Asker: 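My questions all concern the structure below.
Nothing here was measured: the structure is a model prediction, and the numbers come from that model.
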Amino acid sequence: MSAGHKIARCLLQLMLCWFVPAGYAAEDLRVLLVLSDNNAPYQTFVNTFRQNLPVHIHTTILPVAEDFDAQQADLIVTVGVKAADRVAARSTLPMLAAMIPSNTYVDLLAKRRSARLTSAIYLDQPWARQAALLHAAMPERHRIGVLYSPGTRLDMSALRAALVEQGDTLLAKPLHNAGSLFSDMEEVLVASEVLLAVPDSAIYNSNNIRNILLSSYRRGIPLIGLSQAYVKAGALCAIFSTPEHLAEQARSVTVTFAQTRTLSAAQFPKHYTIAVNQEVARTLGLTIPSAEALRIQIEKSSGSLR
């Protein structure tokens with residue numbers, strides 16, 4: 001056999017090794033999306049998640065968490081806390097919990113037989129990113145106040161370390177009881193220059209937020225919120241991830257799972273947005289950069305947290 005024929009034969013063998021028929025490029029993956037309820041943010045998550053999925057990933061939607069009762073799938077993606085709790089208590093299938101606060105993940109794992117088959121996309125931001133926002137928005141204010149419920153499992157030591165990295169000080173106070181909320185809040189405000197809202201539904205909820213904002217205004221203390229809704233209500237600014245951001249990240253984890261049948265570790269949001277209320281800034285006599293300028297500063301300081 002001539003040298004030319006040998007080369008052609010080798011090339012043909014390599015091509016045959018590389019070629020995989022389209023039907024065998026990846027095994028089919030059945031994904032069940034379980035929603036906490038059928039409201040707009042969850043629907044937005046679903047619509048974004050299903051965009052540009054590979055053809056071998058098939059999705060089924062369960063719009064109300066209470067309807068879940070051990071339905072079968074290769075992967076269950078829950079959206080919101082209610083759905084995560086429901087599925088964790090009733091299924092041993094691989095589960096990706098999206099849009100849940102990071103401090104609830106330990107409780108979620110306690111309901112599961114295998115942590116290896118459980119992962120999450122957190123709703124809240126990493127402390128280092130929050131600290132970077134505080135420093136970028138108000139570099140002259142260094143005493144950061146936080147009121148929190150001891151039962152929420154918020155890692156105050158990690159928040160303290162993140163603030164110290166930015167040259168700030170944490171003034172954290174645990175809530176005594178539900179009846180002492182506003183007296184405890186006053187103690188925090190007296191000693192602070194900024195009030196940071198944290199993912200703690202016992203304190204920061206629709207029943208309390210208006211009075212919390214009024215208390216902070218009276219002291220001239222800006223509130224850093226948790227979402228766009230907080231900024232509209234009167235918070236100075238907030239850094240948060242949208243349902244679209246979280247759905248894109250969950251889709252990426254799902255595609256990787258389809259290839260490897262392994263779930264990556266629970267993770268904070270990779271993408272985020274910033275909202276600023278310039279009217280509140282003027283009322284409090286503050287000058288704050290635009291949302292885009294804040295993002296540039298945060299990305300410079302937080303690097304890998306983008």
Side-chain angles (χ1 to χ4, degrees), residues 39-41 44 99 101 123-148 154 159 162-163 166 168-172 181-182 185-186 188-201 203-246 268-269 271-302 305-306:
N39 68 18
T44 298
M99 291 180 68
L123 179 63
D124 49 309
Q125 304 299 307
W127 289 135
R129 191 179 286 161
Q130 285 279 15
L133 170 67
L134 288 163
H135 184 72
M138 291 165 289
E140 75 289 351
R141 296 197 175 207
H142 301 288
R143 299 195 305 274
I144 313 303
V146 170
L147 181 65
Y148 68 99
L154 290 167
L159 174 56
L163 290 171
Q166 300 287 349
D168 297 329
T169 301
L170 175 64
L171 303 168
L181 192 155
F182 289 103
M185 181 65 73
E186 283 296 320
V188 172
L189 290 172
V190 166
S192 306
E193 294 176 298
V194 181
L195 178 64
L196 175 64
V198 292
D200 183 342
S201 59
I203 297 174
Y204 299 97
N205 57 52
S206 57
N207 293 325
N208 297 333
I209 189 60
R210 182 175 181 275
N211 287 329
I212 290 173
L213 282 164
L214 289 173
S215 297
S216 66
Y217 276 173
R218 282 195 294 266
R219 294 280 180 183
I221 306 299
L223 171 69
I224 306 303
L226 295 167
S227 66
Q228 179 76 56
Y230 274 75
V231 176
K232 288 181 178 179
L236 176 66
C237 61
I239 185 168
F240 55 93
S241 297
T242 65
E244 291 92 341
H245 291 146
L246 300 170
F268 283 98
H271 306 289
Y272 61 89
T273 191
I274 298 166
V276 175
N277 191 324
Q278 293 289 357
E279 184 177 343
V280 168
R282 287 190 292 271
T283 300
L284 294 175
L286 298 172
T287 300
I288 183 172
S290 67
E292 185 56 36
L294 288 172
R295 172 182 284 277
I296 292 170
Q297 292 186 55
I298 289 168
E299 293 188 352
K300 284 181 179 178
S301 63
S302 59
L305 293 175
R306 286 179 291 174

Asker: Can you run down the salt bridge (Lys or Arg N to Asp or Glu O under 4.0 Å) pairs that involve residues 217-229, sequence neighbours left out, and say none if there aren't any?
Answerer: Glu186-Arg219

Asker: Please report the shortest heavy-atom distance between Gly225 and Ala235, naming the atom on each side.
Answerer: N-CB, 3.9 Å

Asker: Measure the CG-OG distance between Leu195 and Ser216 for me, rounded to the nearest 0.5 Å.
Answerer: 6.5 Å

Asker: I'd like to check Asn208 versus Leu181 (side-chain heavy atoms, cut-off strictly below 4.5 Å). Are they in contact?
Answerer: yes

Asker: Rounded to the nearest 0.5 Å, what separation is found between the CG atom of Leu223 and the OH atom of Tyr217?
Answerer: 8.5 Å

Asker: Which atom names give the shortest non-hydrogen contact between Ala131 and Ala162, and what distance separates them?
Answerer: CB-O, 3.6 Å

Asker: Could you note down all residue pairs passing side chain to side chain donor-acceptor pair (under 3.5 Å) where residues 233-243 supplies at least one of them, sequence neighbours left out?
Answerer: Gln125-Ser241, Thr242-Glu244, Thr242-His245

Asker: Rounded to the nearest 0.5 Å, what separates atom CD in Glu193 from atom CZ in Arg143?
Answerer: 4.0 Å

Asker: Working to the nearest 0.5 angstrom, can you tell me the gap between Thr169 OG1 and Arg141 CZ?
Answerer: 14.5 Å

Asker: Hey, could you give me each pair passing salt bridge (Lys or Arg N to Asp or Glu O under 4.0 Å) that has a residue in residues 272-288? Not counting sequence neighbours.
Answerer: none

Asker: For Met99 and Leu123, which heavy atoms make the closest approach, and how far apart are they?
Answerer: C-CB, 3.9 Å

Asker: Can you list the steps and then say if Val231 with Val276 is a side chain to side chain contact (heavy atoms under 4.5 Å, CB included)?
Answerer: CA-CA 7 Å; Val231 176; Val276 175; 5.9 Å; no

Asker: Show, in sequence, the C-alpha distance, side-chain angles and deciding distance for Ile144 and Ser192, and conclude whether the side chain to side chain contact (heavy atoms under 4.5 Å, CB included) test is met.
Answerer: CA-CA 6 Å; Ile144 313 303; Ser192 306; over 6 Å; no

Asker: Are His135 and Ser301 packed together at the side-chain level, in the sense that at least one heavy-atom pair is separated by less than 4.5 angstrom?
Answerer: no

Asker: Looking at every non-hydrogen atom in both residues, tell me the closest pair between Ala191 and Leu171 and how far apart they are.
Answerer: O-CD1, 2.8 Å

Asker: Please name all residues satisfying side chain to side chain contact (heavy atoms under 4.5 Å, CB included) with Ala229, sequence neighbours left out, ordered by chain then number.
Answerer: Ser227

Asker: Ring pair (Phe, Tyr, Trp, His ring centres under 6.0 Å) with Phe268: which residues, sequence neighbours excluded?
Answerer: Tyr122

Asker: Closest heavy-atom contact between Ala238 and Leu133?
Answerer: C-CD2, 4.1 Å

Asker: State which residues pass side-chain hydrogen bond (donor to acceptor under 3.5 Å, both in side chains) with Asn39; sequence neighbours excluded, sorted by chain then number.
Answerer: Asp37

Asker: Is it true that a side-chain atom of Asn277 and a backbone atom of Leu236 form a donor plus acceptor pair closer than 3.5 Å?
Answerer: no

Asker: Find out whether Leu226 and Phe240 are in side-chain contact, i.e. whether some heavy atom of one side chain is under 4.5 Å from a heavy atom of the other.
Answerer: no

Asker: Does any N or O in the side chain of Asn205 come within less than 3.5 Å of the main-chain N or O of Ser201, such that one atom is a donor and the other an acceptor?
Answerer: yes

Asker: Do you know the tightest heavy-atom contact between Thr273 and Arg295?
Answerer: CA-NH2, 3.7 Å

Asker: Do Tyr204 and Tyr230 touch side chain to side chain, with heavy atoms closer than 4.5 Å?
Answerer: yes

Asker: Return yes if some donor-acceptor pair links the side-chain N/O of Ser290 with the main-chain N/O of Ala293 below 3.5 Å, else return no.
Answerer: yes

Asker: Measure the CE-CG distance between Met138 and Leu284 for me, rounded to the nearest 0.5 Å.
Answerer: 9.5 Å

Asker: CG of Leu147 to CD1 of Ile212: how many Å apart, nearest 0.5 Å?
Answerer: 7.5 Å

Asker: Are Leu154 and Val146 close enough, and set up right, to give a side chain to side chain contact (heavy atoms under 4.5 Å, CB included), and what steps lead you there?
Answerer: CA-CA 11 Å; Leu154 290 167; Val146 170; 6.0 Å; no

Asker: Using the rule given for side chain to side chain contact (heavy atoms under 4.5 Å, CB included), can you reason through Ile239 versus Ile298, listing the C-alpha separation, both sets of side-chain angles and the distance that settles it, and then say yes or no?
Answerer: CA-CA 10 Å; Ile239 185 168; Ile298 289 168; 4.1 Å; yes

